[in-house]
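Within every chain, numbering begins at 1; the chains are lettered A, B, ... in the order of the sequence lines, protein sequences first and strands thereafter. Values below: every heavy atom of this structure, side chains too, minus hydrogens, waters and symmetry copies.
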Amino acid sequence: MPELPEVEVVRRGLERWVAHRTVAEAEVLHPRAVRRHVAGADDFTHRLKGHRVGVPSRRGKYLWLPLEDTPQAILAHLGMSGQLLVQPQGAPDEKHLRIRVRFTDASPPASPAPGPAPAEGAPVAADATELRFVDQRTFGGLSLHDTTPDGLPDVIAHIARDPLDPLFDDEAFHQALRRKRSTIKRALLDQSLISGVGNIYADEALWRSRLHYDRPTAGFTRPRTLELLGHVRDVMNAALAVGGTSFDSLYVNVNGESGYFDRSLDAYGREGLPCGRCGTPMRRRPWMNRSSYFCPKCQRPPRVSS
DNA sequence: CTTCGATCCTGGTAGC
DNA sequence: TGCTACCAGGATCGAA
């Protein structure tokens, strides 16, 4: 369940290992992984071939690799279980390998290869690596899109800036909340309002803010909105500081190492465990076909709650 | 127009 | 043991 910090960790890995390399060949092993590329798998592979990858960018949970000297980019979304791995060529295929991209050139010099060291007596060129998209549940995928003049893939123009973006507009976000007839957790997960927040960090930020997930947004005061945004940024920065998070064992960062931190979360997944502030057992409630975790004492439900 | 719920997918696990 | 049911959940789409 990669959210913004995990995706940013992947982006950094791609910048390190894939930027400025030229695509030799792409191979689609599962058509569903390119379903957002409407022209199909063959078109996807043909159009990648021979292009040089630029510096990866990210907005919210989306990341993309610009193709240099073209107005196009490879857009990636990891969905729930997607991984982008940089693996030595010849490493065994992962069980859920969906897309493979080989390059004509090596990684930048002076770079130790990711992954396990080559077996003794069978040396592998240190930078003979390829990019792999691995995804058990195939909610994620890759696709090629035209970019807008500011470099954004056109299909994600509706995705809002994320809270770590210097151009994120706190005041505009607050006014949007006030206009909504919605509740705060729904709003936090609405990628057209604020991007990059998923179920885990939403629960964490709400716990820190002592806000119940069903609280209506219309009555939010500016200080309350700003405090919440502060906590959203804090939980994301904390996760970034330890190299991304989530405890779903499916998630592995771009170098093939586990990106999950051991730090216990304060809310998510803590049903029945004591609240870190007041000791009250935390609760889990079914919510939008998933779960919300909260402290029933610190995070009181609104009066008019379903 | 906004809001909201169903749906996609697969592997792990709980329960019988 | 072997089966079923359920759970994880981001984004999209269509219904209300």
Side-chain angles (χ1 to χ4, degrees), chain A residues 1-8 10 28-38 58-64 75-84 94-99 133-143 145 152-160 162-163 175-206 213-218 232 236 239 244-252 259-260 265 267-272 283-293 302 304-306:
Chain A
M1 347 170 175
E3 301 181 26
L4 185 154
E6 292 80 11
V7 177
E8 173 59 18
V10 171
V28 175
L29 293 95
H30 194 307
R32 186 173 154 80
V34 292
R35 68 192 181 284
R36 294 185 186 89
H37 188 85
V38 289
R58 181 189 55 75
R59 174 173 288 193
K61 303 168 194 170
Y62 286 91
L63 65 85
W64 62 93
L75 182 64
H77 197 286
L78 302 179
M80 283 185 58
S81 52
Q83 307 163 249
L84 281 166
E94 291 75 10
K95 181 175 182 185
H96 301 290
L97 177 63
R98 308 304 191 192
I99 299 169
F133 179 72
V134 176
D135 192 359
Q136 174 202 122
R137 277 168 270 193
T138 59
F139 275 41
L142 305 184
S143 48
H145 301 278
L152 197 72
D154 54 11
V155 293
I156 62 163
H158 65 290
I159 300 294
D162 60 65
Q175 295 303 332
L177 278 191
R178 305 258 326 169
R179 281 193 301 271
K180 285 265 170 202
R181 295 290 178 276
S182 189
T183 48
I184 188 56
K185 187 169 172 182
R186 293 191 79 105
L188 283 177
L189 297 184
D190 182 343
Q191 304 296 301
S192 68
L193 274 186
I194 179 172
S195 67
V197 183
N199 201 42
I200 297 174
Y201 295 125
D203 279 3
E204 292 301 303
L206 289 169
Y213 56 89
D214 262 344
R215 187 167 288 277
T217 59
V232 168
M236 287 185 166
T245 175
S246 260
F247 35 85
D248 184 340
S249 61
L250 289 170
Y251 176 75
V252 175
Y260 299 108
L265 298 172
Y268 190 85
R270 289 182 49 84
E271 182 181 21
R283 289 193 184 156
R284 178 177 75 90
R285 285 282 178 276
W287 184 87
M288 297 281 294
N289 281 331
R290 36 187 66 81
S291 295
S292 278
Y293 296 87
V304 279
S305 174
S306 54

S.K.: Could you list where the contact with chain A starts and ends along DNA chain B, reading 5' to 3', using a 4.0 Å heavy-atom cut-off?
M.R.: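 So the contact region on DNA chain B extends B/dT3 to B/dG11.
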
S.K.: Going by the rule ring-ring contact (aromatic ring centres under 6.0 Å, His included), which residues pair with A/His77 if we only count those two or more places apart in sequence or in a different chain?
M.R.: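 Counting only residues at least two positions away or on another chain, A/His77 forms a ring-ring contact (aromatic ring centres under 6.0 Å, His included) with A/Tyr62.
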
S.K.: Mind calculating the distance between CD1 (A/Ile200) and P (C/dC7) to the nearest angstrom?
M.R.: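 Roughly 17 Å, once rounded to whole Å.
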
S.K.: Which residues pass the side-chain contact (heavy atoms from CB on, under 4.5 Å) test with A/Thr183, not counting sequence neighbours?
M.R.: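 For A/Thr183 the side-chain contact (heavy atoms from CB on, under 4.5 Å) partners, ignoring immediate neighbours, are A/Arg186, A/Asp214.
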
S.K.: Within the 4.0 Å limit for protein heavy atoms, which parts of nucleotides 11-16 of chain C are touched? Write it as a string from 5' to 3', B for base, S for sugar-phosphate only, - for none.
M.R.: SS----

S.K.: Taking only residues two or more places apart in sequence or in another chain, which ones pass side-chain contact (heavy atoms from CB on, under 4.5 Å) with A/Gln191?
M.R.: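 With sequence neighbours excluded, A/Gln191 shows a side-chain contact (heavy atoms from CB on, under 4.5 Å) to A/Lys61, A/Ile159, A/Ser195, given in chain and number order.
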
S.K.: Round to a whole Å and report the spacing from CD of A/Glu6 to P of C/dA8.
M.R.: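 Result: 18 Å.
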
S.K.: Which residues pass the salt bridge (charged side-chain N to carboxylate O under 4.0 Å, His left out) test with A/Asp154, not counting sequence neighbours?
M.R.: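 Once residues adjacent in sequence are excluded, A/Asp154 has no partner under the salt bridge (charged side-chain N to carboxylate O under 4.0 Å, His left out) criterion.
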
S.K.: Tell me every residue that passes side-chain contact (heavy atoms from CB on, under 4.5 Å) with A/His37, counting only those two or more places apart in sequence or in another chain.
M.R.: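 So A/His37 forms a side-chain contact (heavy atoms from CB on, under 4.5 Å) with A/Val34, A/Ala39, A/Asp43, A/Phe44, A/Ser143, A/Leu144.
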
S.K.: Return the set of residues passing salt bridge (charged side-chain N to carboxylate O under 4.0 Å, His left out) with A/Asp135 (not counting sequence neighbours), or none when no residue passes.
M.R.: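 Partners of A/Asp135 by the salt bridge (charged side-chain N to carboxylate O under 4.0 Å, His left out) criterion come out as none, since no residue qualifies.
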
S.K.: Just the rounded figure in Å: distance from C1' of C/dG10 to CG of A/Asn289.
M.R.: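 Taking atom C1' of C/dG10 as the reference, CG of A/Asn289 is at 12 Å.
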
S.K.: Reckon A/Ser291 has a side-chain N or O less than 4.0 Å from the OP1 or OP2 of C/dA8?
M.R.: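 True: A/Ser291 side-chain N/O within range (under 4.0 Å) of C/dA8 OP1/OP2.
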
S.K.: Identify whether any heavy atom of A/Arg179 sits under 4.0 Å from a base atom; if not, whether one sits that close to sugar-phosphate; answer base, sugar-phosphate or nothing.
M.R.: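 Since no nucleic acid heavy atom lies under 4.0 Å of A/Arg179, the category is nothing.
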
S.K.: Starting at CH2 of A/Trp64, measure out to CZ of A/Arg58 and round the result to the nearest 0.5 Å.
M.R.: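 So the CH2 of A/Trp64 and the CZ of A/Arg58 are separated by 8.5 Å.
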
S.K.: Once you apply a heavy-atom cut-off of 4.0 Å, does A/Arg32 come out as touching a base, just sugar-phosphate, or nothing?
M.R.: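 Sugar-phosphate, no base atom in range.
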
S.K.: Specify the angle, to 10°, made by the local axes at the two ends of the helix from B/dT2-C/dA16 to B/dC16-C/dG2 when five pairs are taken at each end.
M.R.: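 Inter-axis angle at the ends, rounded: 60°.
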
S.K.: By salt bridge (charged side-chain N to carboxylate O under 4.0 Å, His left out), which residues pair with A/Glu94, not counting sequence neighbours?
M.R.: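 If we apply the salt bridge (charged side-chain N to carboxylate O under 4.0 Å, His left out) test to A/Glu94, skipping adjacent residues, the hits are A/Arg132.
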
S.K.: Report the residues that fulfil ring-ring contact (aromatic ring centres under 6.0 Å, His included) with A/Phe133, sequence neighbours left out, ordered by chain and then residue number.
M.R.: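 Counting only residues at least two positions away or on another chain, A/Phe133 forms no ring-ring contact (aromatic ring centres under 6.0 Å, His included).
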
S.K.: Write down the distance between OH (A/Tyr293) and P (C/dC7), rounded to a whole number of angstrom.
M.R.: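 Atom OH in A/Tyr293 sits about 11 Å away from atom P in C/dC7.
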
S.K.: Just by distance, do the side chain of A/Ser291 and the backbone of A/Arg284 share a donor-acceptor pair under 3.5 Å?
M.R.: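 Between the backbone of A/Arg284 and the side chain of A/Ser291 there is no qualifying donor-acceptor contact (under 3.5 Å).
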
S.K.: Restricting to ring-ring contact (aromatic ring centres under 6.0 Å, His included), what partner residues turn up for A/His145, sequence neighbours left out?
M.R.: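 With neighbours one apart ignored, the set is empty.
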
